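To start, the structure under review is shown below, and the notes come after it.
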Amino acid sequence: MSKYDHKVIEHKWQRQWEKDKLYKTPDKKAGAENFYLLTEFPYPSGNLHVGHWYAFSVPDILARMLRMQGKNVLYPIGFDAFGLPAENAAIKNKINPRTWTEKNITYMKKQIRSMGASFDWSREVVTCDPVYYKWTQWQFLQFFKKGLAYQKETPVNWCPSCKTVLANEQVIEGRCERCETEVVQKQMLQWNLRITDYADRLIDDLKKLDWPEPIKEAQRAWIGRSEGAEIDFPLVEKDVKRIVLLHGREASSKSLFLPWLKKKLEERGYTVEVPDMPNPNNPNDDEQTEYVRKHCKLDAHTAVVGHSFGGIVALRLLERGVKLGRVTLVGTPYSGNWLDSKKRPTVRVALKKGFDFKTIRKSCDGFVALYDTGDKIVPMSDGEAYAKKLSCPLIKGKGTEWHFLGKQEPDVLRAAAPSITVFTTRADTLFGGTYLVLAPEHPWITLALQHRGLLKNEVEIGRYIAISRKKTERERQESKDKTGVELKGMKAINPATGKEIPLWVADFVIGSYGTGAVFADAHDERDWEFAMKYNIPLKETLEPLVIRSSGLDAVRKEGSFFDRPAILAFVQHWSEEKYLAVRYKPTDTRGCVSGGVNAGEDIIEAAKREVCEETGYVNTEFVRKLGTPIHGKYYSDVRKMNIFAHFTPLLFKLTDGSRQEISQKEREDHDVMWLSKKEMGDYINREDMHIAWSRVGGDVCYAWKGILFDSGEFNGLTSDEAIPKIGAKYGRLVKQYHLRDWIVSRQRYWGVPIPIVHCPKCGLQPVGDKNLPIKLPEIKDYLPDGRGKSPLAKAKKWVSVKCPKCKGKAERETDTLDTFVDSSWYFLRYTDPKNSKQFAANSKQKNWMPINLYSGGAEHTTMHVLYSRFWHKALFDLGLVRDKEPYTRRMNRSLILGADGQKMSKSRGNVIDPDEVVERLGADTVRMYLAFIGPYNEVSSYPWNPDGVVGIRRFLERVWRLGQRPSNIMDVRHPYIESLLQKTIKKVGEDIVAQKFNTAISALMIFLNSVEKEALRQAQGKQAIGKGQWEIFLKLLAPFAPHIAEELWDGLGHEISIHKEKWPAYDPAKLKDEIVTIAVQINGKTRGEAEVPADADKSILEKAAREAVTSRLEGKQIVRTIVVPGRLVNFVIVE
RNA sequence: GGGCGAGUGGCGGAAUGGUAUACGCGCGUGGCUUAGGACCACGUCCCGAAAGGGAUGAGAGUUCGAUUCUCUCCUCGCCCACCA
């Protein structure tokens, strides 16, 4: 009898399978359905850890079984080979990152092969290979050409240690994910991908996917869609009451656009004048400027808004020293064929004409604003550059076709008359908006500070902004104490009430979310707290609405409510600090005195009457009302109807303790007692009474939804009804996302070079397809320079290039792409890995996409998985892929911890080295142990138990031993274990498909235990199992322990690999036992067992059951008998 | 503070409306053995001598019957977090 020598066996078969090309997967296989099983490809860190084993060898079980079941399974592997560690190693050890990476890949490949996983290595993909990243670059360029990739000055997370930009996802609690250095905010020009354009689709398309709900929910939450409204709060220009509108050269400017704008500005309270300038179709700026000077009254109280050529005139006025309150240039809100595309918008003309912008700025008391339409004629990037030159804000417009003028109203208006736009999800509280709060980063503040004198406390404001800019994200998070400074000298107008309200700057408002500005009201905890701290007036506009749960059904059933005025009365003791508590017994309502107000009755009198009726106390003295009424919808059990009660909460004090006799009924219905303040709070069990009680102690913030009052035409509506109505009337209904655009540029060497050329004449130019890939140049120094430039910038020769368009001198982009870009499409390349003409031919993709099952780590849910879904959708829109979604099914696997239950880490010294365990116990044992440790796809984690691994090894040893004794194996099928074998086939197959590998292995163990027991029964190890049965068992074992199964199979004399065998089928007829044991229950508790034939009918079952528990049934009356055939009989008896 | 998820032996876990604790580890007793355990057999939720009875975080509900469904509370884990 030979020993189970895993080393020999595993080495032998791994070589043999490779030689036979056992796992080379054809694109198509006759009669076999394709199945694409994907697991995340590893980063070549240089050493395989247990997590890799868990990720690769466990899904391999599924791959192997599906193959045996006749599927053509693609189970590919590759390396996600770009990234920081290679570069860090390069800097530290002065070796080329490529050398380092390739060495690691070679070593890890060897390790991966030791798993005996059925990877198809012929399709291996390595992202740092130029033949791969050529197509990463190509796809990026397709996105660039479509406007999906763009450059933007962005506040970014900057790691001072790694000297690079980090994605939001790489910042953990304000620290760099990799080196844990504190991250700082920095403004830098970055490449972005417009993932936010896909936010809605990324959420909505989740519906169709067969993913576990928690993973979908995590993505939804990360995208964070919230629906609300943008509302403009016009700023009060104390000094500017008049606006002069200067028209442009086109007739429409004068006849269509400016009259409309004039009307809008007049609605805002300005006096507006549109001078009739000479030669509108062939203007001369000198002539027109003189005309305006002569015919219009211009002073520091006048603003000039110049449209198109009119803007030039406005600038000329400033240049000639005319004092103006404010100047706004409205670029070109029209596009379309009537406007010669060669003609440039105002500012470009202005720049050409050589204006002296210093003089211009000096002459303007207010500020210059620029309206850029962002259409094809004026690319947004140009607008931004000019705005910078002018030190003025850029207000961006959308949709510039002239006949859609109505739609762009807010954009143009915001430019012509300054206003602050806020985002809110609670437009229902707009009428209570008593102040505005801007983020310190808000562009308007920056602008306002540039114009001295506009704000009265600019020094204080400047200091505050400087302080909050210095704060790291972390500090902002930690200091829950809200700070802020009022912007003195400036007021805004609440568009709903028309009232002037103050503006504040505070860093609890986040610049990057919404519009970076909020309006504050009495129904928000933060606003409340801030207002209390700084003594800013608040105004309540919501009355609480409480719907009691018992009432909800009633609402649905009957729909209408009976309105009832009512009171809630708290009564204070005449001498002690105690309050009168009342319990209404029939419904166990605990709280204060409550009751209805009769028709024509005074509210306070009604309350006094109720106090007297319920408690007997007579000498009540009214103290005060406790805030606004509280409304309650509920179903009255007493009246059998829906009640809509409107409670006025009141506070009384007794002057003395005199009491009257209470009626019999009231006494029966009510408990009355005196409770201290604290006791009272605990005692009250009804929400409306809680709200009223909270007001006894003073003002509190009511932050929930309710019913509107003091809100004009919206009075009486509920919050949910009012939110869209108010939002639409005073602003625009919009959606906001927490998801930011994806910043893809990295100031690093070891990544895919961004294939863009910067030309001083032509701007950003894509590299021609013929010149791809743009290969990484060899350089000597991989250190970033720390100023935000990639080390590539040092490769002077490489950087200098001819512009693809004008052939003039130009420079290459030196940033590289985020590695999440590389991994956004790698699974497509597996379908066609050798293609030199396309990233993957459509016909090849068709064989495998979309992926049937993608197994990976939970940490990628909001990163890689979301990014690659976006990437795929973008490719879909370009017609480059066939599916809207790449992954039909996504599963997140669990986590393997160290033996101490902690995350494995070198510092804890709890790292399990898989190589060592494989050496000692074998790959089959490690694979199988990992599969056995617990359910694979639970959001859970399992400690690696060194003893537990040994248990699996013991199991395999026992399998081995059984196979070594021919005397164990009969020629014919062993009848005793046949039905168990059938059940095992069924269970193992079903559990593997469900990825419940642990219970599948348990079934194999049960089977083996049973065989061994049988061997023992059959006189010392003889004839325990039939040969056919043994072969079936080996086939069931093959996916889990491929090497030992192959060796034993081979030992039986088979020529062809067990892994090419067909998965055993079970005979449903043989699954059933002839005799089954059923449970006998009495009142649902198991009290005995009975053996009955499987096909026994109800009466036989009942009879057998009765016999099993005869003694317990004696003298008892059986009320009911429940019979579940094959399972149990339950007697319901009366005690 | 918000979202998601989980609580079952000494431990990993099984059972998703029908005999709670399968399977494995650990532990105990015995065997084989000079010895050892990566061997074999038996035992191993709690109370009880037994007959019995009790137990799936706590409490309630639905049901003939609940680990499983519903509600309340407690504890733990993960993710997000001054998000307007």
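First the proteins, then the strands, lettered A, B, ... as listed; each starts at 1. Source: prediction; values computed, not measured.
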Item to check | Of residues 919-938 of chain A, the positions that come close to RNA chain B - non-hydrogen atoms, cut-off under 4.0 Å | outcome: Phe932(A), Ile933(A), Pro935(A)
Next on the checklist: Base of G1(B), side chain of Glu525(A) - is there a donor-acceptor contact under 3.5 Å?
Outcome noted: no
Checklist entry - Any donor and acceptor pair, going by atom type alone, linking the side chain of Ser1002(A) with main-chain N or O of Asn998(A) inside 3.5 Å? => result no
Checklist entry - Looking at the side chain of Arg958(A), which of C80(B), A84(B), G24(B) is the nearest nucleotide? => result G24(B)
Checklist entry - Between C64(B), G13(B), G5(B), which nucleotide gets closest to the side-chain atoms of Tyr942(A)? => result G13(B)
Next on the checklist: Using Watson-Crick or G-U wobble geometry with both distances under 3.5 Å, which nucleotide pairs with G43(B)?
Outcome noted: C27(B)
Checklist outcome for this item: Whole-Å distance, Glu213(A) CD to G5(B) P, equals 9 Å
Checklist entry - Which of the following nucleotides, A20(B), C39(B), C25(B), is nearest to the side chain of Arg961(A)? => result C39(B)
Next on the checklist: Is there a side-chain contact between Arg220(A) and Lys216(A) in this structure, where contact means two heavy atoms from C-beta onward sitting under 4.5 Å apart?
Outcome noted: yes
Checklist entry - Is any side-chain heavy atom of Asp5(A) closer than 4.5 Å to a side-chain heavy atom of Trp960(A)? => result no
Checklist entry - With no angle test and no hydrogens, is the base of C25(B) tied to the side chain of Asp947(A) by a donor-acceptor pair under 3.5 Å? => result no
Checklist entry - Of Asn1130(A), Val1132(A), Val1129(A), which is the lone residue that meets side chain to side chain contact (heavy atoms under 4.5 Å, CB included) with Thr1121(A)? => result Val1129(A)
Checklist entry - Checking all strands, does Ser1002(A) fall into the base, sugar-phosphate, or nothing category for heavy-atom contacts under 4.0 angstrom? => result base
Checklist outcome for this item: Closest non-hydrogen atoms of Val509(A) and Pro440(A), given as atom of the first, atom of the second and distance, are O-CD, 4.0 Å
Checklist outcome for this item: Rounded to whole Å, the CZ-C1' distance (Arg225(A) to A84(B)) equals 18 Å
Item to check | Where Asn892(A) and Ala858(A) come nearest, the two heavy atoms and their spacing | outcome: ND2-CA, 3.5 Å
Checklist entry - By a strict heavy-atom criterion of less than 4.0 Å, which residues belonging to residues 430-438 of chain A are in contact with RNA chain B? => result none
Please write out the pairs of protein N or O atoms and N or O atoms of nucleotides 68-72 of chain B separated by less than 3.5 Å, giving the distance to one decimal.
none

Checklist entry - Which base, if any, makes a Watson-Crick or G-U wobble pair with U34(B), both distances under 3.5 Å? => result none
Item to check | Nucleotide of G12(B), A84(B), A20(B) approaching Thr1086(A) most closely (side-chain heavy atoms) | outcome: A20(B)
Item to check | Closest to side chain of Glu217(A), choosing from A84(B), G18(B), G3(B) | outcome: G3(B)
Checklist entry - For the pair made of CD1 in Ile1078(A) and P in C64(B), what is the distance, rounded to whole Å? => result 20 Å
Checklist entry - Which of the following nucleotides, G18(B), A84(B), G13(B), is nearest to the side chain of Val509(A)? => result A84(B)
Checklist entry - Out of G26(B), A14(B), A84(B), which has the shortest distance to the side chain of Arg954(A)? => result G26(B)
Next on the checklist: Can you tell me the base-pairing partner of G61(B)? Count Watson-Crick or G-U wobble geometry only, both distances below 3.5 Å, and say none if there is no partner.
Outcome noted: C69(B)
Checklist entry - Would Arg590(A) and Ile684(A) satisfy side-chain contact (heavy atoms from CB on, under 4.5 Å), going step by step from the backbone distance to the final call? => result CA-CA 5 Å; Arg590(A) 285 173 288 178; Ile684(A) 296 167; over 6 Å; no
Checklist entry - Val939(A) near the nucleic acid: base, sugar-phosphate alone, or nothing, with a heavy-atom cut-off under 4.0 Å? => result nothing
Item to check | Distance in angstrom units between Leu980(A) CG and C23(B) P, rounded | outcome: 12 Å
Next on the checklist: Looking at Lys216(A), I'd like to know whether one of its side-chain N or O atoms comes within less than 4.0 Å of OP1 or OP2 on G3(B).
Outcome noted: no
Next on the checklist: Without decimals, in angstroms, what is the distance between Met1005(A) CE and A14(B) P?
Outcome noted: 14 Å
Checklist entry - Are OP1 or OP2 of G65(B) and a side-chain N or O of Asn1083(A) less than 4.0 angstrom apart? => result no
Item to check | CD (Glu687(A)) with more than 12 external heavy atoms under 6.0 Å | outcome: no
Next on the checklist: The test is side-chain contact (heavy atoms from CB on, under 4.5 Å); show your working for Val1080(A) and Thr1086(A) and say whether it passes.
Outcome noted: CA-CA 6 Å; Val1080(A) 183; Thr1086(A) 306; over 6 Å; no
Checklist entry - Reckon Ser940(A) has a side-chain N or O less than 4.0 Å from the OP1 or OP2 of G13(B)? => result yes
Checklist entry - At under 4.0 Å between heavy atoms, what does Leu1128(A) touch on the DNA or RNA strands: base, sugar-phosphate, or nothing? => result base
Item to check | Out of C83(B), A38(B), C64(B), whichever nucleotide has its closest atom nearest the side chain of Tyr513(A) | outcome: C83(B)
Checklist entry - Under 4.0 Å: is that the gap between some side-chain N or O of Thr862(A) and OP1 or OP2 of C80(B)? => result no
Tell me which donor-acceptor pairs under 3.5 Å the side chains of residues 930-944 of chain A have, and how far apart each pair is, sequence neighbours excluded?
unit_1, atom_1, unit_2, atom_2, d
Tyr936(A), OH, Tyr54(A), O, 2.7
Asn937(A), ND2, Gln995(A), OE1, 3.0
Tyr942(A), OH, Pro935(A), O, 2.7

Checklist entry - Which of these nucleotides, C64(B), A84(B), A15(B), is closest to any side-chain atom of Thr999(A)? => result A15(B)
Item to check | Sugar-phosphate, base or nothing in reach of Asn998(A), heavy atoms under 4.0 Å | outcome: sugar-phosphate
Checklist entry - Between His1043(A) and Ala923(A), is there a donor-acceptor pair closer than 3.5 Å when you use the side chain of the first and the backbone of the second? => result no
Checklist entry - Which whole-number value in Å describes the distance from Glu529(A) CD to C82(B) P? => result 14 Å
Checklist entry - Counting distance only, does the side-chain N/O of Thr424(A) pair as donor-acceptor with the main-chain N or O of Ala229(A) below 3.5 Å? => result no
Checklist entry - Nearest heavy-atom pair of Leu897(A) and Gln902(A): which atoms, and what distance? => result CB-O, 3.4 Å
Item to check | Side chain of Lys1013(A) (C-beta onward), nearest among C42(B), C83(B), A15(B) | outcome: C42(B)
Next on the checklist: side-chain contact (heavy atoms from CB on, under 4.5 Å), that's the test. Do Met1005(A) and Ile952(A) meet it? Break it down for me.
Outcome noted: CA-CA 10 Å; Met1005(A) 288 171 167; Ile952(A) 294 290; 3.8 Å; yes
Next on the checklist: Suppose we define a pair by two distances each less than 3.5 Å, Watson-Crick or G-U wobble; what does A20(B) pair with here?
Outcome noted: none
Next on the checklist: Between P on C83(B) and CD on Glu230(A), what's the gap in Å once rounded to a whole number?
Outcome noted: 18 Å
Checklist entry - Do Tyr435(A) and Phe519(A) have ring centroids that are under 6.0 Å from one another? => result no
Checklist entry - For the residue pair Thr515(A) and Thr421(A), what are the closest heavy atoms and their distance? => result OG1-O, 2.7 Å
Checklist entry - Whole Å only: how far is the CD1 atom of Ile223(A) from the P atom of G2(B)? => result 23 Å
Item to check | Under 4.0 Å protein heavy-atom contact, by nucleotide of nucleotides 28-33 of chain B - B base, S sugar-phosphate only | outcome: ------
Checklist outcome for this item: Re A15(B): Watson-Crick or G-U wobble partner, both distances kept under 3.5 Å, found to be none
Distances under 3.5 Å only, N/O to N/O: pair up the protein atoms with those of nucleotides 60-63 of chain B.
none

Item to check | Single hit among His6(A), Arg953(A), Glu10(A) for side chain to side chain contact (heavy atoms under 4.5 Å, CB included) with Asp924(A) | outcome: Glu10(A)
